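Whatever order the structure lists them in is the order used to number ligands and atoms, beginning at 1. Numbers here are sequence positions counted from 1. If you're wondering where the values come from, they're calculated on a predicted model, not measured in any experiment.
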Amino acid sequence: IERTLSIIKPDATKRNLTGKINAKFEDAGLRIIAQKRIQLTKEQAGAFYAVHKERPFFDELTTFMASEPVVVQVLEGESAIAKNREVMGATNPADAAPGTVRAEFAESVGENSVHGSDAPETAAVEIAFFFSSLELVG
Ligand code: GTP
Ligand code: MG
């Protein structure tokens with residue numbers, strides 16, 4: 001059984017899509033074992049996305065992530081990392097498969113509604129960034 005860190009991004013929380021996105025996760029067999037709505041500062045968003053620090057879109061990305069509240073959550077299930085990324089769809093909504101979160105809800109490659117960890121190592125680091133072990137209730 002695997003865990004992954006998911007974020008419902010500002011473009012989605014702003015449009016009241018938290019429930020619809022969570023329904024897609026749950027329908028895919030992912031269990032939401034921790035969840036909270038928080039307002040990130042730009043500095044906190046930069047710390048979370050530190051791997052992208054040198055990318056040209058870093059400033060746009062961190063400004064966006066601090067623009068409105070986000071919902072951070074831990075999803076648990078069989079192959080949770082891959083399953084979550086399947087439900088999310090491709091980074092660019094134009095390339096996202098029909099029925100995925102990004103195909104249905106994302107507005108652009110930047111404002112693409114959700115984040116999901118991409119490997120077990122990053123999942124562990126990203127979960128610890130937002131949650132203590134006491135907050136994970138599997
Ligand atoms: P995450 O689950 O959010 O990590 O998405 P990803 O793994 O599909 O994409 P990646 O890690 O390559 O990029 C991280 C995030 O940076 C994306 O989800 C986008 O929000 C943002 N991003 C990526 N490429 C661009 C871009 O060309 N322009 C802008 N503005 N943002 C981008
Ligand atoms: Mg990524």
Ring-face cation of Lys36 near Phe131 (centre distance under 6.0 Å, axis angle within 45°):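 Yes - Lys36 lies over the ring of Phe131, closer than 6.0 Å to its centre and within 45° of its axis.
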Considering all heavy atoms, the nearest Glu26-Ile32 contact: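 Nearest heavy atoms, Glu26 then Ile32: OE2-CD1, 3.6 Å.
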Cationic N near anionic O, under 4.0 Å, Arg102 to Asp95: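 Not counted as a salt bridge, because no side-chain N and carboxylate O are separated by less than 4.0 Å.
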N/O to N/O under 3.5 Å, ligand 1 against protein:
| from | atom 1 | to | atom 2 | distance (Å) |
| --- | --- | --- | --- | --- |
| ligand 1 | 2 (O) | His115 | ND1 | 3.0 |
| ligand 1 | 2 (O) | Gly116 | N | 2.9 |
| ligand 1 | 2 (O) | Gly116 | O | 3.3 |
| ligand 1 | 3 (O) | Lys9 | NZ | 3.2 |
| ligand 1 | 3 (O) | Tyr49 | OH | 3.3 |
| ligand 1 | 3 (O) | His115 | ND1 | 3.1 |
| ligand 1 | 4 (O) | His115 | ND1 | 3.0 |
| ligand 1 | 5 (O) | Arg102 | NH2 | 3.3 |
| ligand 1 | 7 (O) | Arg85 | NH2 | 3.1 |
| ligand 1 | 8 (O) | Thr91 | OG1 | 2.3 |
| ligand 1 | 8 (O) | Arg102 | NH1 | 3.3 |
| ligand 1 | 9 (O) | Thr91 | OG1 | 3.4 |
| ligand 1 | 11 (O) | His52 | NE2 | 3.3 |
| ligand 1 | 18 (O) | Lys9 | NZ | 3.0 |
| ligand 1 | 18 (O) | Asn112 | ND2 | 2.9 |
| ligand 1 | 20 (O) | Lys9 | NZ | 3.0 |
| ligand 1 | 20 (O) | Gly110 | O | 3.0 |
| ligand 1 | 20 (O) | Asn112 | OD1 | 3.4 |
| ligand 1 | 30 (N) | Glu60 | OE2 | 3.0 |

Gln44 CD to Gln39 CD distance, which is reported to the nearest 0.5 Å: 9.0 Å
Whether over 12 other heavy atoms sit under 6.0 Å from Lys20 NZ: no
Parallel, tilted or perpendicular, as decided by the 30° and 60° cut-offs, for the rings of Phe130 and Phe48: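 Taking Phe130 first and then Phe48, their aromatic rings sit tilted (interplane angle of 30° to 60°).
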